[in-house]
Amino acid sequence: MVSENPFAALQTEVQNVLEKALKKAFPAILVRDLALEKPPNPEFGQLASSLCFELAKQIGEKPIALAKRIVKAVNKSEFSLIETAAPAGSGYINFHANFARFSALTINSASQLGTEYGFIKVAKPLKIIVEHTSANPLHPLHIGQARNPMLGDALARMFKARGHEVFRHYYIDDVGRQTSVITYGYEKLGQPKPEGKPDHFLGKIYTITSCLVEINRLKKELERAKALKADEEVTKINRELDDWVSVAAELKDRFPELFENLLEKISKDKNPEDAINKLNRGYEEGNAKAKRLIRKVSELCLQGFKDTLSRVDVFYDSWDWESDLVWSNRVAEVLQRLKTMPYVFSLGGVLEFDAEKVLRELDLRKKLGLKEDHEVSPLTLVRADGTTLYTTRDIAYTLWKFEKADRLVNVIGMEQTLAQLQLKIALHALGYGKHADNFFHFAYNLVTLPGYKMSSRRGRFITFDEVMDEAVKRAYEEVSKRSPQLSEKEKQEIADFVGIGAVRYALVEVDPSKPVEFTWDRVLNFEKNSAPYIQYTHARACSILRKAARKPKKPAYELLGEKLEHEIILALAIFPDTFIEASEFLKPSLIADFANAVSDKFNTFYNALPVIKAEPQGLSDARLALTDAVRLVLRNALNLIGIFAPEKM
RNA sequence: GGGCGGGUAGCUCAGUACGGACAGAGCACCGGCCUCCUAAGUCGGCGGUCGUGGGUUCAAAUCCCACCCCGCCCGCCA
């Protein structure tokens, strides 16, 4: 017998039995919801009902008395996966599984379904676009941004396993002013060939250029403010200027040659600000020279991103250029339609979108889950000079994506919650209510550094590459210490998947709504509750199977009588439900927790009970089959969050 | 001022959607376990006003109300 969801099979049986018993014991009573719970302790069985507490109110008897009466009415001849039903505590009804059957069902199911075990498909698959990372091509990905691809990729893997058709998109924001800043600096240097990794090289240019330009601008503003005798403003500008001057000193210290070079070239320019604005405008207008330059810089930087992300096995189906959207007139078209809406108004040459009015007139607050007094501020669509803003272009991008997919999941930091909400409201305003319902902002909190604030504009950050390098280095030291007998090649391979796995796990395991404080110890944890711990458990299971060197011929599942064994089986049986919950509620951390819990139980089992040498043979075979199921489930779970499951380490 | 997150053991966090049995892990600290299938393991000990106060309920970390603390957002930036 095989079930794609063994635990659900047990649950259904319990529900049926309970419903009939209830009807028999209390024919007059109608209970709508027979929801079952998972008892906190295995001694209380595998499923329980607390319906007697509810019932007690209606009938006026003690819950435990009712529980006893219902249990008495239970028809035991219908038991298959159930062993016993018993009243317990002050009024619970506890159901114990018949493990002889339940173990067989669970282990056989895992074994039969193999790499598909747990991955229950939806009835109606959707086309889903997961947009994630989408970092501006200005500097290398840093640890603060790294949470994004880890979560986004895990979501994409989960949706795919759920049966959806998934497309991973990267939105390249090359139209913003910052892209022109870096390109300006790059051009001033004579478009050099990158030394080292291109994103790292360009990141230095960006930081220095941006800093010098900022200082230049502030100086001009300062003079203007002084001339106007605006004392308060002078103080404010001075403070900002001090900040940037100290950043400049820092950068000069770190990259003396490049700094001097850029300083010399940029100071020759009378008005860098103008040059940058011109470049920016030219790019939006599709000017050939601007296009060539900016695309070249962006492509170089993206190449660096691709290299970094391929180390963590993150790949994309589509790289979407914001500029393409602008040049193809899609932005203009959306704008045209927005202008005809009663929610868009012009204010001194600036086009504004009245999100508040949309909420009110279309009565959306409740639908969007907003409080009655939640006011949403207006969104500026077009500047006085006629250029568009980021969110405006994002509306066009969103509609473009909806031509290709039924559902969008945007993995974007929670600081953009308002902008994403305004975008969703704009979809409603444009008459795309259905699309809006399928538009999800998957928000995550920041990664912070202890001690100082990460600032990409100031060049103060730890790059994702550095983190991975360090992780692999530490993993190498670890593996050398633990397994000195391995060959150099093996050690390096192990160090790689252990180090990278540890990083991935650390960034996926914490609930995305919580901020993560980055510390090396946290991310490079190789002990319990880490990827290496789970990987090690998987390798350990593989090792047992290898040493056994035989297939379990006649597993006697009824002999798996230990509490530990039952707990493992229950955990394996619950994998399909865990997977469904994780993918439906967008919670990759559940998968990490699950894999950790299974490992935990299996290691306890490993220490307490023999597998290969167990007597009789039927028990040994059953434990071998159990070990194989653990191996399989761990591998399937790790796959979902993009972590490699090694057979040896 | 308004909105959105968060506040659970010394530290890092599960658990909150859908209220249920004594609130769970890991790290740190203390003490055991490798002639036995991988010790990246395992067993035991230590550790809690679930931010505060009220309310609803047979039952509240979980739901409701008020307040306090931390972060983010409220831009003709992205």
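For clarity, every value in this text was computed on a predicted model and none was experimentally measured. In what follows, chains carry the letters A, B, and so on, assigned in the order in which the sequence lines appear, proteins first and then strands, with residues in each chain numbered from 1.
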>> Do A:I534 and A:L638 make a side-chain contact, defined as non-hydrogen atoms from C-beta onward lying under 4.5 Å apart?
In response: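 SC-SC contact between A:I534 and A:L638 confirmed.
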Under 3.5 Å for both donor-acceptor distances, Watson-Crick or wobble: does [N] have a partner, and if so which one?
{"N": "B:G24", "answer": "B:C13"}
{"N": "B:U38", "answer": "none"}
{"N": "B:G48", "answer": "none"}
{"N": "B:C63", "answer": "B:G55"}

>> Return a single string for nucleotides 3-21 of chain B, one symbol per nucleotide in 5' to 3' order, where B is base contact, S is sugar-phosphate-only contact and - is none, cutoff 4.0 angstrom on heavy atoms.
In response: SSSSS----SSS--B--BB
>> Generate the contact string for nucleotides 35-47 of chain B. Rules: B means base contact, S means sugar-phosphate contact only, - means no protein heavy atom under 4.0 Å.
In response: --BBSBBSS----
> Once you round to the nearest 0.5 Å, how far does CG of A:L570 lie from CZ of A:F575?
Replying inline: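 Those atoms lie 14.5 Å apart.
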Between [N] and [M], how many Å separate the two [atom1] atoms, rounded to a whole number?
{"N": "B:G51", "M": "B:G71", "atom1": "C1'", "result": "15 Å"}
{"N": "B:G32", "M": "B:A14", "atom1": "C1'", "result": "28 Å"}
{"N": "B:C65", "M": "B:A23", "atom1": "P", "result": "27 Å"}
{"N": "B:A25", "M": "B:U8", "atom1": "C1'", "result": "13 Å"}
{"N": "B:C22", "M": "B:G5", "atom1": "C1'", "result": "32 Å"}
{"N": "B:A9", "M": "B:G47", "atom1": "C1'", "result": "6 Å"}
{"N": "B:G55", "M": "B:U62", "atom1": "P", "result": "14 Å"}
{"N": "B:G54", "M": "B:A61", "atom1": "P", "result": "14 Å"}

Base, sugar-phosphate or nothing for [X]? Non-hydrogen atoms, less than 4.0 Å.
{"X": "A:Q416", "answer": "base"}
{"X": "A:L389", "answer": "sugar-phosphate"}
{"X": "A:N41", "answer": "base"}
{"X": "A:R393", "answer": "sugar-phosphate"}

How many Å lie between [atom1] on [X] and [atom2] on [N], as a whole number?
{"X": "A:N280", "N": "B:C76", "atom1": "CG", "atom2": "C1'", "value": "13 Å"}
{"X": "A:Y390", "N": "B:C73", "atom1": "OH", "atom2": "P", "value": "15 Å"}
{"X": "A:L421", "N": "B:G2", "atom1": "CG", "atom2": "P", "value": "19 Å"}
{"X": "A:N525", "N": "B:C27", "atom1": "CG", "atom2": "P", "value": "7 Å"}
{"X": "A:I64", "N": "B:A59", "atom1": "CD1", "atom2": "C1'", "value": "15 Å"}
{"X": "A:D394", "N": "B:C77", "atom1": "CG", "atom2": "C1'", "value": "14 Å"}
{"X": "A:I412", "N": "B:C77", "atom1": "CD1", "atom2": "C1'", "value": "15 Å"}
{"X": "A:L351", "N": "B:G75", "atom1": "CG", "atom2": "P", "value": "17 Å"}

>> Can you tell me how the ring of A:Y170 sits relative to the ring of A:F305, calling it parallel under 30°, perpendicular over 60° and tilted otherwise?
In response: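 Aromatic pair A:Y170/A:F305 classed tilted.
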> How are the rings of A:F602 and A:F605 set to each other: parallel, tilted or perpendicular (split at 30° and 60°)?
Replying inline: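 Tilted, since the angle between the ring planes falls between 30° and 60°.
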Quick one: do [X] and [Y] make a salt bridge, cutoff under 4.0 Å?
{"X": "A:R474", "Y": "A:E478", "value": "no"}
{"X": "A:R281", "Y": "A:D385", "value": "no"}
{"X": "A:R177", "Y": "A:E273", "value": "yes"}

> Nearest heavy-atom pair of A:R631 and A:C542: which atoms, and what distance?
Replying inline: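 Closest approach of A:R631 to A:C542, heavy atoms only: CD-SG, 3.6 Å.
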> Between A:G45 and A:P39, what is the shortest heavy-atom contact and its length?
Replying inline: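 Reported closest heavy-atom pair: O-CG, 3.5 Å.
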>> Syn if the chi torsion is within 90° of 0, anti otherwise; quick check, which is B:C22?
In response: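 Glycosidic conformation of B:C22: anti.
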>> Are there over 12 heavy-atom neighbours, none belonging to A:E477, within less than 6.0 Å of that residue's CD?
In response: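 Result for CD/A:E477: enclosed.
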>> Go through it in stages, so that I can follow the logic: the residues are A:L18 and A:I70, the test is side chain to side chain contact (heavy atoms under 4.5 Å, CB included), and I'd like the CA-CA distance, side-chain angles, deciding distance and then a yes or no.
In response: CA-CA 8 Å; A:L18 187 60; A:I70 291 173; 4.1 Å; yes
